[in-house]
Amino acid sequence: KFLSASGGGRTSDAIKCLNYAVAMGAKITSNSWGGGGSSSAMRVAIERAQRAGVMFIAAAGNEGSDNDAIPHYPSNYAPSNIISVASTTKTGSLSSFSCYGKESVDVAAPGSGIYSTVPGGKYASLSGTSMATPHVSGLAALIWLFRPQLTMPQIIEIILDSATREDALQNSSATGGRINARSALILASTYEGSRPPVHKPQALTFEDSDPGVGIMGGDAVITCAADESDISFYSIHLISGAGFLLDTIATVDATGAATLTVPLANLTLTKYAQGLAVVAGNATGSAGPDSAATAKIKDYCVPLYGPSDVQWMGDADGRLGWVGGKIQFQRAESEKSLTHYNVYWHSAAGQGDLMGKVPANGFSRPQCEVDCHLLDISVSGTTYTFHRGAYDNEELAKIHFSGPALMTITSFRTEKYYDFLEVGDRQLSGTKLALPMNIKLPSGLHTITWSSDRSEVEEGWTFHLTQTGTTADFEVPSMQPPSMELQVVAAFEETEGAAAAYGTLKDFDASVMAPSPALVARNLSFLDENVQEKLIKGRIEFFPPSMGADAVTFYHVYFADVDGIAQWTEYSWTLEAPKTAKEMLQIDLDLELPSAAVSIVAVSGNAHGEGAKTWIPLRDIVRSAPANASFSGDSDPVADQVRGDLTIVPAPVP
């Protein structure tokens, strides 16, 4: 089910439903839905169903128009497994609402005033080609139940050839007729059913050698049947986890050889494909999955990108010759072709023992396709800026990336409705967006699409895209390390990429050294409770580091200027370190804010000096009224309705 209670739905969800039905072994799909334009992805899904022997019966539409002239989808797609169904009245004439088409519609069925179930456990009379379609689907099931050995093309042929031709339907469809169940069963009884081979292949082997993720290539080797007297060929299929044959991907003639090697290339794995299967066939038909020899699919892939910028975040173990802490590295540009990162010890002798693994999370830096040369793109840290100034007609650009991310639109002027930025299910256009506009994008893959039509143009737009989760962490437990060098390599299952990144550990000796970067204060925070300008009141709070806190004896907290320098001795505090990492440290403030103070800094220290440092912005929370507000006047002549522009001059300190 992919349609809502109101009848709306997405083509992408229809594709998912069809793929699932095929994978679960359905032989007939009844499609009482339609609308929207042509979709190549939907067509490919129907073609995939065709190759699996699945019938796609579809409503012709209720616009009362000629589908030959104005295509209706999905009934107008070309695959031969489709039956497009028009609607007839109780008198046998074409329903007034029904679409028709001498070339594009196949047959008609009763669809006016059909007594049917409705929500709430009730019944009602309904009309539409959506009511006619299930009649054809039911007839297909009836024929298949009567003659289960018939093939899908034979069932379609029987339904269409047995239709009752009517003068009133002469130009409404390819058959010019209405389905006739009795005639269909009589005709089906005359068909010679398939007699697939009794003998079957003995085995199938396959090993992927294509380095692309989700793309298979290599040799499939069939161990043929010992007796091929009833076998003309072998067909190789994808097979679902439920054990049903999916796409036919190759066929090869039976030659009497003990084995047959079939090269496979550029084979794309579908969601439900769990392996390959080979079945025997002859001129009358092919055997089913029960007679198949199967092979598991294991995707072989070489990572395209690798990690970078490995950083040691500081030693939390104060013993000489021991280290413990965290390394941090930049994730690969795109993690599509990798499953995890391997972390090794490394030395002059080369790669050492495996320390552990860090899973990939699907991260992908922004990547643009189509008219990317039209965009001004710049990068600062983890923030990408995209700008399109005065644009032209018929532009298209797509920016793919992973979340979590924050999209901030700072300028925006486009032709309303027709030129737009599309973000998920939001389509932004026009000249009156409230700016800056922030859009939070959750984890997962996203696409921002820019599109302009062929008419009016405008000044364009600018937005910033800031990603989080660009780095990955790996914990190094306290130990005496075999080396002070590390190596990080991207991997897809057992296959590693060629690009590696390296990092160096530094030992911290608490007996002679100030606290290392790992011993930074945790969760430093302050919230101003005084809403008057230049006055602050509240509590500075923080915790000791979670590891190695015993190497810190005091904390120095102070206000700092833009250069991080403490200018004021009166705004500097020294606190004795608590005995455990769970005890909070606090400083109560109620004072006038120094004009140049912009941050609060906390530094960990011991008898050998001050070391690890952290800071937060010092924000003066001020609440003040807008400087001015004015209304342009009502321009709406209707009573009790107001329309106009409200202009607000922000407060000096908003």
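Remark: aromatic rings of Trp450 and Phe420 are distant, center separation not under 6.0 Å. Centroid-to-centroid, the aromatic rings of Phe2 and Trp33 come within less than 6.0 Å. Residues Phe463 and Phe412 place their aromatic rings such that the two centres sit no closer than 6.0 Å. Checked against a 6.0 Å centroid threshold, the rings of Trp573 and Phe559 count as neighbours. For an aromatic pair to be called close, the ring centres must be under 6.0 Å apart, and Tyr272 with Tyr20 satisfies this.
A side-chain hydrogen bond (donor to acceptor under 3.5 Å, both in side chains) with Ser112 holds for exactly one of Ser127, Ser95, Ser125; it is Ser95.
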Stepwise, does the side chain to side chain contact (heavy atoms under 4.5 Å, CB included) test hold for Tyr123 with Thr117? CA-CA 4 Å; Tyr123 293 86; Thr117 56; 3.6 Å; yes
Would you sort out whether Ser411 and Thr462 count as a side-chain hydrogen bond (donor to acceptor under 3.5 Å, both in side chains), showing the intermediate values? CA-CA 5 Å; Ser411 68; Thr462 302; 3.1 Å; yes
Show the numbers, then the answer: is there a ring-ring contact (aromatic ring centres under 6.0 Å, His included) between Tyr555 and Phe542? CA-CA 10 Å; Tyr555 295 92; Phe542 62 93; 5.5 Å; yes
Full working for side chain to side chain contact (heavy atoms under 4.5 Å, CB included) between Asn171 and Tyr100: CA-CA 8 Å; Asn171 294 312; Tyr100 54 91; over 6 Å; no
Steps toward salt bridge (charged side-chain N to carboxylate O under 4.0 Å, His left out) verdict (Arg454, Glu394): CA-CA 5 Å; Arg454 61 178 64 186; Glu394 296 185 306; 3.0 Å; yes
Between Arg365 and Tyr384, does the side chain to side chain contact (heavy atoms under 4.5 Å, CB included) criterion hold? Intermediate values first, please. CA-CA 9 Å; Arg365 297 189 187 281; Tyr384 287 70; 3.5 Å; yes
For Asp588 and Gln586, run side-chain hydrogen bond (donor to acceptor under 3.5 Å, both in side chains): C-alpha distance rounded to whole Å, both residues' side-chain angles, the deciding distance at 0.1 Å, then the answer. CA-CA 7 Å; Asp588 289 320; Gln586 301 175 333; over 6 Å; no
Under the side chain to side chain contact (heavy atoms under 4.5 Å, CB included) rule, what do Gln50 and Val22 come out as? Steps first, then yes or no, please. CA-CA 10 Å; Gln50 176 187 352; Val22 173; over 6 Å; no
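Using a 4.0 Å cut-off between charged side-chain N and carboxylate O, Glu47 and Arg43 make a salt bridge. By the 4.0 Å N-to-carboxylate-O rule, Glu395 lies close enough to Arg388 to be salt-bridged with it.
Proximity of a side-chain donor or acceptor of Asn62 to a complementary backbone N or O of Thr129 within less than 3.5 Å is detected. Remark: side-chain polar atoms of Tyr341 are paired, donor with acceptor, to backbone N or O of Ala332 under 3.5 angstrom. In terms of modelled atom types and a separation under 3.5 Å, the side chain of His72 and the main chain of Ala60 share a donor-acceptor contact. Side-chain atoms of Glu335 come within 3.5 Å of backbone N or O of Phe363 as a donor-acceptor pair. Using a distance-only test at 3.5 Å, with no hydrogens or angles considered, no donor-acceptor pair links the side chain of Ser599 to the main chain of Ile616. In this structure, Asp528 contributes its side chain and Lys537 its backbone to a donor-acceptor pair below 3.5 Å. Not one N or O on the side chain of Thr383 forms a donor-acceptor pair closer than 3.5 Å with the backbone of Thr466. For Asp68 (side chain) and Glu103 (main-chain N/O), a donor-acceptor pair under 3.5 Å exists by modelled atom type. Judged by distance alone, the side chain of His387 and the main-chain N or O of Trp461 form a donor-acceptor pair under 3.5 Å. Judged purely by atom type and a 3.5 angstrom limit, Asp106 uses its side chain to pair as donor or acceptor with the backbone of Ser84.
The environment of Glu570 atom CD is dense: over 12 non-hydrogen atoms of other residues, nucleotides or ligands sit within 6.0 angstrom. Environment of CZ in Arg522: crowded, with over 12 heavy atoms of neighbouring residues, nucleotides or ligands closer than 6.0 Å. For Lys534, the NZ atom sits in a loose shell: 12 or fewer heavy atoms of surrounding residues, nucleotides or ligands are nearer than 6.0 Å.
Using a 3.5 Å distance cut-off with no hydrogens or angles, the side chains of Ser402 and Ser364 do not pair a donor with an acceptor. In this model, a donor atom of one side chain and an acceptor atom of the other lie less than 3.5 Å apart for Asp473 and Gln328. Side-chain atoms of Thr449 and Ser451 include no donor-acceptor pair closer than 3.5 Å.
Within the 4.5 Å cutoff, the side chain of Pro366 has heavy atoms near those of the Gln467 side chain. Using a 4.5 Å cut-off on side-chain heavy atoms (C-beta onward), Val85 and Ile83 make contact. Residues Pro637 and Gln641 have side chains not in contact (no heavy-atom distance under 4.5 Å, counting atoms from C-beta outward). Side-chain atoms of Asp376 and Phe386, non-hydrogen and from C-beta on, never get closer than 4.5 Å to each other. Taking the side chain as every heavy atom from C-beta outward, His400 and His446 never approach each other to under 4.5 Å. Contact annotation: the side chain of Thr88 approaches that of Leu169 to within less than 4.5 Å [non-hydrogen atoms, C-beta and beyond]. Here the side chains of Glu415 and Tyr417 are not in contact, with every heavy-atom distance at 4.5 Å or above. Inter-residue side-chain proximity for Val54 and Thr29 is flagged as met; some heavy-atom pair is nearer than 4.5 Å.
Here the CG-SG distance, from Asp66 to Cys99, works out to 8.5 Å after rounding to the nearest 0.5 Å. To the nearest 0.5 Å, atoms CD1 (Ile448) and CG (Leu428) are separated by 9.5 Å. If you take OG on Ser525 and CZ on Phe543, they are separated by 8.5 Å, rounding to the nearest 0.5 Å. If you take CG on Asp371 and CG on Asp392, they are separated by 10.5 Å, rounding to the nearest 0.5 Å. Taken from CD1 in Ile70 to OG in Ser65, the straight-line distance is 5.0 Å, to the nearest 0.5 Å. The distance from atom CG of Asn31 to atom CD1 of Ile57, rounded to the nearest 0.5 Å, is 8.5 Å.
Closest of all the heavy-atom pairs between Pro134 and Ser32 is CD-OG, 3.8 Å. Nearest approach of Gly92 to Arg178, heavy atoms of both residues: CA-NH1, 3.6 Å. Closest approach of Asn530 to Gln532, counting heavy atoms only: OD1-N, 2.9 Å. Taking every heavy atom of both residues into account, Met55 and Ala140 meet most closely at SD-CB, 3.8 Å. Taking both residues in full, the closest heavy atoms of Met42 and Leu18 are given as CE-CD2, 3.9 Å, listed atom of the first, atom of the second, then distance. In terms of heavy-atom proximity, Ser455 sits nearest to Asp453 at OG-OD2, 3.0 Å.
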